[in-house]
Amino acid sequence: MRITETVAHPCDPARAYQMLTDHDYQVARAERSGATDQTVTIDTDRGDGATTVTLQRHLPSTGVPDWASTFVGPSLLLVETVRWGAADADGEREGAMSLELPGLPVSFTGGIHLRRGAEAGTSEHVVDGDLEAR
């Protein structure tokens with residue numbers, strides 16, 4: 001299933017990137033999602049300007065259909081990895097994103113884009129990819 005989602009940020013792409021690659025911001029995202037625990041790793045490659053953000057979090061499996069609850073147990077481990085490329089001349093960035101649920105046949109892979117918004121001083125954070133259940 002194809003998924004495309006756009007989030008508008010009230011700041012330029014450079015500031016949005018700083019936020020998206022900030023450890024405390026990632027912890028707050030995990031907590032807002034209902035995570036019972038989280039591990040955040042941010043790795044900056046000094047050679048090519050790429051940054052990889054990995055967020056592992058356990059989420060309660062409440063709401064999972066009854067037929068699936070026997071497979072997942074009381075919680076789900078969700079591993080989100082975003083590898084941002086270097087900024088272009090306008091401060092925009094492209095990257096790759098994946099979501100995995102280890103032990104389950106579900107994954108998401110796609111691109112992630114941080115672009116200037118239609119209004120000055122804003123940015124658009126676009127995720128576009130495929131959700132697969134095998």
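When reading the values below, keep in mind they use all heavy atoms of this one structure, side chains included, and skip hydrogens, waters and symmetry mates. Values in this document were obtained by computation on a predicted structure and should not be read as measured data.
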inquiry  = Counting C-beta onward and ignoring hydrogens, is there a side-chain heavy-atom pair between Ile112 and His125 closer than 4.5 Å?
reply    = yes
Leu55-Tyr25 co-clustered via ILVMFWY side chain contacts under 4.5 Å = no
key: Pairs flagged by side chain to side chain donor-acceptor pair (under 3.5 Å) wherever residues 95-115 is involved - sequence neighbours left out   = Glu94-His113, Ser107-Arg134
key: Glu132/Phe108 under side chain to side chain contact (heavy atoms under 4.5 Å, CB included): CA gap, chis, key distance, verdict   = CA-CA 6 Å; Glu132 294 182 12; Phe108 173 87; over 6 Å; no
query = Under the 3.5 angstrom rule, does the side chain of Gln26 hit a backbone N or O of Thr21 as a donor-acceptor pair?
reply = no
request  = Quick one: pull up OG1 in Thr51 and CG in Asp43 and give me the separation to the nearest 0.5 Å.
outcome  = 8.0 Å
inquiry  = So Thr81 and Thr52, do their side chains get closer than 4.5 Å, heavy atoms only?
reply    = yes
inquiry  = Is any side-chain heavy atom of Glu31 closer than 4.5 Å to one of Gln38?
reply    = yes
task = Using the side chain to side chain contact (heavy atoms under 4.5 Å, CB included) rule, take Ile42 and Thr54 through it: C-alpha gap first, then chi angles, then the decisive distance, then the call.
result = CA-CA 6 Å; Ile42 300 175; Thr54 304; over 6 Å; no
ask   = What pairs of residues pass the salt bridge (Lys or Arg N to Asp or Glu O under 4.0 Å) test when at least one of them lies in residues 77-90, not counting sequence neighbours?
value = Arg29-Glu80, Asp48-Arg83, Arg57-Glu80
inquiry  = Any heavy-atom pair between the side chains of Leu77 and Val79 that's under 4.5 Å?
reply    = yes
ask   = Honestly curious: do Leu99 and Leu114 fall in one hydrophobic cluster under the side-chain, below-4.5 Å linking rule?
value = yes
Side-chain touch Val7/His9, heavy atoms, less than 4.5 angstrom = yes
inquiry  = Check whether Ser123 reaches the backbone of Arg116 with its side chain - one donor and one acceptor, N or O, closer than 3.5 Å.
reply    = no
message = Tell me the closest heavy-atom pair linking Gly34 and Pro60, and the distance in Å.
response = O-CD, 3.4 Å
inquiry  = With clusters defined by side-chain heavy atoms of hydrophobic residues (ILVMFWY) lying less than 4.5 Å apart, directly or transitively, does Val82 cluster with Val126?
reply    = no
Point-to-point distance, once rounded to the nearest 0.5 Å, from CG of Asp128 to CD1 of Ile3 = 9.5 Å
task = Using the rule that two of Ile, Leu, Val, Met, Phe, Trp, Tyr join whenever any of their side-chain heavy atoms come within less than 4.5 Å, decide whether Val40 and Leu20 are in one cluster.
result = no
ask   = How far apart are the closest heavy atoms of Ser75 and His58, and which atoms are they?
value = OG-CD2, 3.9 Å
inquiry  = Let me check something: do Val127 and Val53 share a hydrophobic cluster, defined by ILVMFWY side-chain heavy atoms less than 4.5 Å apart, either directly or through other members?
reply    = no
